[in-house]
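Let me begin by presenting the structure, written as structure tokens, before commenting on it.
Just so you know, these numbers use all the heavy atoms, side chains as well, and skip hydrogens, waters and symmetry mates.
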Amino acid sequence: MSQSQKGNSTANHKILTVIGILLCVILIPILIINITLIVKSYTNKNEVPKIGGYCPLIVLTGSMEPNIKTGDLIIVKQISGSDVKAKDVIAFFDPDGNGTSILTHRVNEVYEENGTLYFRTQGDANNAEDRSPVSEDKLVGIYQFRIAGAGNVAMFMQTTAGLIVCVVVPLILLIAWDLVRRKRYEKKNQQDTDALLAELEALKAAKAAEQNKEDSQ
């Protein structure tokens with residue numbers, strides 16, 4: 001193999017390695033998180049799926065714009081109601097909802113009544129406070145940060161097309177990359193073996209020629 005061929009082979013191997021590492025870094029955490037959330041959503045149907053006390057939520061309305069937008073993915077941290085203060089942004093089960101809908105609004109006031117903590121809340125984009133106060137038992141967590149637009153991606157991933165594009169296709173690419181990597185590795189090993197055998201044959205031929213020369217003398 002020439003030097004240029006060796007250089008090209010090494011460069012291609014490095015490119016494939018980088019691509020494989022990127023696929024693993026991106027795909028494996030997403031798959032682990034998705035599988036964990038799906039399993040927890042079935043095993044704990046009355047709770048919001050969480051990982052290590054953190055809950056990912058998809059924003060479906062613009063009540064907290066401009067700070068939090070529709071289609072964002074937000075992360076909230078599970079905390080005690082006693083740790084909530086005015087001006088905090090919290091996620092909670094809507095006291096006026098169907099029992100499963102969750103809102104993320106800012107706390108205007110924290111007060112206690114008959115030994116129970118309550119929060120008066122309001123969306124930043126809304127002109128008035130939410131109609132009903134939120135009791136401590138409806139608290140999901142406190143807002144940590146948002147990933148702009150990631151909620152739309154998460155919703156797309158829940159569709160059949162999204163499952164194919166975001167899970168099946170990347171897995172196929174990951175498997176294909178591994179097969180290509182293995183083939184290139186085997187080919188390189190074979191080439192190295194062939195080169196070594198050729199070198200041994202050349203040494204044997206040279207030694208035989210030298211021996212013949214000595215015998216003829």
Side-chain angles (χ1 to χ4, degrees), residues 22-23 25-42 44-81 83-110 117-170:
L22 288 176
L23 285 172
V25 169
I26 294 171
L27 291 177
I28 291 177
I30 290 176
L31 289 174
I32 292 174
I33 290 172
N34 283 341
I35 291 170
T36 302
L37 292 178
I38 289 170
V39 170
K40 288 193 173 186
S41 68
Y42 280 100
N44 301 294
K45 293 184 178 180
N46 296 324
E47 296 183 9
V48 179
K50 62 180 72 70
I51 299 176
Y54 290 86
C55 311
L57 300 172
I58 299 171
V59 180
L60 301 176
T61 69
S63 61
M64 284 298 291
E65 291 188 356
N67 296 314
I68 302 174
K69 302 180 184 297
T70 303
D72 286 351
L73 180 72
I74 64 171
I75 304 298
V76 300
K77 181 182 179 181
Q78 188 177 22
I79 63 169
S80 170
D83 294 327
V84 176
K85 304 180 293 296
K87 303 301 181 184
D88 285 342
V89 175
I90 61 171
F92 54 90
F93 287 100
D94 184 2
D96 297 319
N98 57 11
T100 60
S101 59
I102 296 175
L103 298 177
T104 302
H105 284 172
R106 194 175 300 279
V107 177
N108 286 342
E109 180 187 358
V110 181
L117 281 175
Y118 288 89
F119 314 111
R120 294 193 184 279
T121 55
Q122 180 178 345
D124 289 354
N126 294 345
N127 295 323
E129 281 189 345
D130 299 330
R131 184 173 60 180
S132 301
V134 180
S135 57
E136 181 181 12
D137 64 301
K138 293 189 180 298
L139 177 67
V140 174
I142 186 168
Y143 169 78
Q144 298 293 292
F145 62 90
R146 73 183 182 102
I147 304 175
N152 290 327
V153 176
M155 286 191 290
F156 175 67
M157 286 181 67
Q158 296 173 17
T159 65
T160 302
L163 184 65
I164 292 173
V165 172
C166 299
V167 178
V168 176
V169 171

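- Tested against L139 for a side-chain contact (heavy atoms from CB on, under 4.5 Å), the candidates D83, I90, L117 yield a single pass: I90.
- Side-chain N or O atoms of N98 include one that pairs as donor or acceptor with a backbone N or O of T100 at under 3.5 Å.
- In this structure T70 satisfies the side-chain hydrogen bond (donor to acceptor under 3.5 Å, both in side chains) test with no other residue, sequence neighbours excluded.
- Under the rule for a salt bridge (charged side-chain N to carboxylate O under 4.0 Å, His left out), E129 has no partner lying at least two apart in sequence or in another chain.
- In terms of the ring-ring contact (aromatic ring centres under 6.0 Å, His included) criterion, residue partners of Y118 (sequence neighbours excluded) are, by chain and number, Y111.
- With contacts defined as side-chain heavy-atom distances shorter than 4.5 Å, the pair M64/V59 does not qualify.
- Judged by distance alone, with hydrogens and angles left aside, the side-chain atoms of N108 form no donor-acceptor pair with the main-chain N or O of T121 at under 3.5 Å.
- Qualifying side-chain hydrogen bond (donor to acceptor under 3.5 Å, both in side chains) partners for D94, counting only residues two or more places apart in sequence or in other chains: none.
- For the pair R146 (side chain) and K69 (backbone), a donor-acceptor distance under 3.5 Å is absent.
- With values rounded to the nearest 0.5 angstrom, Q78 atom CD is found 12.5 Å from I142 atom CD1.
- Take T160 and apply the side-chain hydrogen bond (donor to acceptor under 3.5 Å, both in side chains) test, not counting sequence neighbours, and it matches no residue.
- N127 meets the side-chain hydrogen bond (donor to acceptor under 3.5 Å, both in side chains) test with no other residue; sequence neighbours excluded.
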